[in-house]
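Notes to accompany the following structure.
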Amino acid sequence: MKHVITLVSSALCVLFTSVTATPVLMRDTFEAGDPISEEEFSNAVSSKSAEFDLNSIDFIPWDKQHPELLEGDVMLTAKKNAIVNARGYWPNGIIPYVISADYTAAQRQIIAFAMNEYHNKTCLRFVPRSGESDYIRIKKSGQGCWSYVGRIGGGQDVSLDDGCVSSRAPGVVIHELMHSVGFWHEHMRPDRDTYVKINLTNVRRQYRSNFNKLSTTQVTTLGLSYDYGSVMHYPKGAFGIDPSVAVIKALIGNPVIGQKAAFSELDVMKLNKLYNCAAKC
C-alpha cells in the first residue's frame, strides 16, 4: 500500500445507496451529553470484533443527505466555498469536541472506536471541549452523514445520524472525522485519472459534479501515492444508476475500491505527515 493523499485534499468516501427521497431539514435541538469516558474508550469495539460488511452500502441514501452538500458528504461554509474556507489545521492536533446526548450506549462505543483509532495510530487527539472557541459538535442532524473539511472556526457540526454509526461500518465515523481534520475524498486528487476511470454515464446528472477533480493549486497530495483502499475513497458503485455497472474502475490491478472498516496504512501515513506526528509523538 503506497497510496495517500492530501490535507485539504485527501481522500475518501462514505458509502450509501441512492434512493428517491426528499431531504428533511430538522430544527437544531442540540443537547450536549457526557464526553466519551475512559471506560467507554476501554470497552470500544475493535476492528476484530466489529461485524464488518464491506459489500453492504445501505446506510444513508444519498437523496436523504442534506441538500447543500458537496461531494455527497462535505458541508460548505457560509461562503459556500469549500476549498478556500476548508484550509484549517487543528493546532497541535488537538480537536475539542462536544457530543449529543441523543446517542445510545452502543453508538457511543462506535464513536469511541473511531476516536481510539486516531489516538492509537496518530498524534491527533479528540478531547472534551473546555471552553475552546474552535471545536466540533458531534450530533444527529436528521440530514445524514457529513462534515466540514478542516477547522473552519467556531463550533462546527459533524453529522452522524443513526445510519452513520454502525458496527458493520465504523469507518463511516472515521471518514467524517477525517474530513473534519482536513482531508477530502481520494477521488478528488488532481492525478486521479492515472489511477481510476469515472463512468459518468452511470451517474444521475445531479450527482455528476461529485466526481470533479481539484487542481494542484487547490490541494496537495503530500507526496504520497493514490490509495484505492482509503477509508476516504468512494466505492466503485457510488451514485450509480445501475448497481451492476461500476462507476469507478481501477486502471491499475484489480483492487478493492473504498472501504468503511478502518484506516488504511496510507490513511495513517497521511494523517501523521500532515500533522507532523513523527516530531510530536
Side-chain angles (χ1 to χ4, degrees), residues 1-18 47 50 52-59 62 71-74 114 117-118 121-122 145 149 168-179 181-203 207-208 210-216 218-240 242-274:
M1 298 203 109
K2 335 162 186 153
H3 330 22
V4 145
I5 180 167
T6 124
L7 141 63
V8 166
S9 110
S10 191
L12 202 193
C13 77
V14 195
L15 319 163
F16 320 121
T17 59
S18 187
S47 57
F52 298 143
D53 179 359
L54 300 183
N55 296 313
S56 173
I57 54 173
D58 59 349
F59 294 91
W62 293 116
E71 303 294 332
D73 73 327
V74 172
E117 287 291 280
Y118 284 86
K121 296 176 180 177
T122 78
C145 319
V149 175
R168 291 179 300 149
V172 173
V173 179
I174 292 174
H175 176 113
E176 298 307 335
L177 292 178
M178 200 160 167
H179 277 314
V181 300
F183 286 84
W184 289 91
H185 295 121
E186 192 74 4
H187 82 280
M188 295 175 72
R189 287 176 59 129
D191 60 350
R192 72 101 187 273
D193 291 337
T194 301
Y195 302 95
V196 296
K197 180 177 181 180
I198 308 299
N199 177 17
L200 289 180
T201 61
N202 191 37
V203 177
Y207 296 135
R208 290 179 184 176
N210 290 340
F211 295 92
N212 291 344
K213 293 185 297 182
L214 296 179
S215 73
T216 55
Q218 296 168 323
V219 297
T220 170
T221 64
L222 293 171
L224 296 168
S225 53
Y226 196 86
D227 189 2
Y228 292 113
S230 171
V231 74
M232 297 305 289
H233 203 302
Y234 273 14
K236 65 179 181 181
F239 298 100
D242 182 347
S244 68
V245 178
V247 171
I248 305 175
K249 179 179 175 58
L251 297 178
I252 300 174
N254 187 34
V256 173
I257 298 179
Q259 51 85 20
K260 51 194 175 182
F263 285 130
S264 70
E265 288 184 30
L266 281 170
D267 288 330
V268 174
M269 290 172 63
K270 300 169 195 178
L271 286 159
N272 286 332
K273 186 166 185 178
L274 178 62

Practice task
Keeping the roles fixed (side chain from Gln259, backbone from Ala262), state whether a donor-acceptor pair exists under 3.5 Å.
Solution key: yes
Exercise for the section: Spell out, as yes or no, whether a donor-acceptor pair under 3.5 Å connects the side chain of Asp267 to the backbone of Ser230. Expected result: no
Exercise for the section: Report yes if some heavy atom in the side chain of Glu117 is under 4.5 Å from a heavy atom in the side chain of Leu177; otherwise report no. Expected result: no
Handout entry: Tyr234 and Val247: CA distance, side-chain angles, deciding distance, side-chain contact (heavy atoms from CB on, under 4.5 Å) verdict
Key = CA-CA 10 Å; Tyr234 273 14; Val247 171; over 6 Å; no
Practice task
Evaluate the side-chain proximity of Leu222 to Met269: yes if any heavy-atom separation is below 4.5 Å, no if none is.
Solution key: no
Exercise for the section: List the steps and the verdict of side-chain contact (heavy atoms from CB on, under 4.5 Å) for Phe239 and Arg208. Expected result: CA-CA 8 Å; Phe239 298 100; Arg208 290 179 184 176; over 6 Å; no
Handout entry: Closest non-hydrogen atom pair between Asp73 and His175, with its separation
Key = OD2-NE2, 2.9 Å
Exercise for the section: Provide the closest heavy-atom pair for Val172 versus Cys145 in the form atom of the first, atom of the second, distance. Expected result: CG1-SG, 4.2 Å
Fill in the blank from the handout: Taken to the nearest 0.5 Å, the spacing of Ser264 OG from Ile174 CD1 works out to 10.5 Å
Practice task
Rounded to the nearest 0.5 Å, what's the gap from CG on Asp191 to OG1 on Thr216? Could you check?
Solution key: 10.0 Å
Exercise for the section: Output, in order, the C-alpha distance, side-chain angles, deciding distance and verdict of side-chain contact (heavy atoms from CB on, under 4.5 Å) for Lys249 and Asn199. Expected result: CA-CA 8 Å; Lys249 179 179 175 58; Asn199 177 17; over 6 Å; no
Fill in the blank from the handout: Output for pair (Lys197 NZ, Leu251 CG), nearest 0.5 Å, gives 8.0 Å
Exercise for the section: Please tell me if the side chains of Tyr118 and Met178 come closer than 4.5 Å, counting only heavy atoms from C-beta onward. Expected result: yes
Practice task
Would you confirm whether Tyr195, through its side chain, and Asp227, through its main-chain N or O, come within 3.5 Å as a donor-acceptor pair?
Solution key: no
Handout entry: N/O donor-acceptor pair under 3.5 Å between Asn272 side chain and Lys121 backbone
Key = yes
Practice task
Nearest 0.5 Å please: distance from the CG atom of Leu274 over to the CZ atom of Phe183.
Solution key: 4.5 Å
Exercise for the section: Please round to the nearest 0.5 Å and tell me the distance separating atom NZ of Lys270 and atom CG of Leu224. Expected result: 8.5 Å
Completion exercise
Between Ala250 and Pro255 the two heavy atoms that sit nearest each other are CB-CD, 3.5 Å
Practice task
Report the distance from atom CG of Asn210 to atom CG of Leu200, rounding to the nearest 0.5 Å.
Solution key: 10.5 Å
Practice task
Mark yes or no for whether His187, through its side chain, and Val196, through its backbone, hold a donor-acceptor pair below 3.5 Å.
Solution key: no
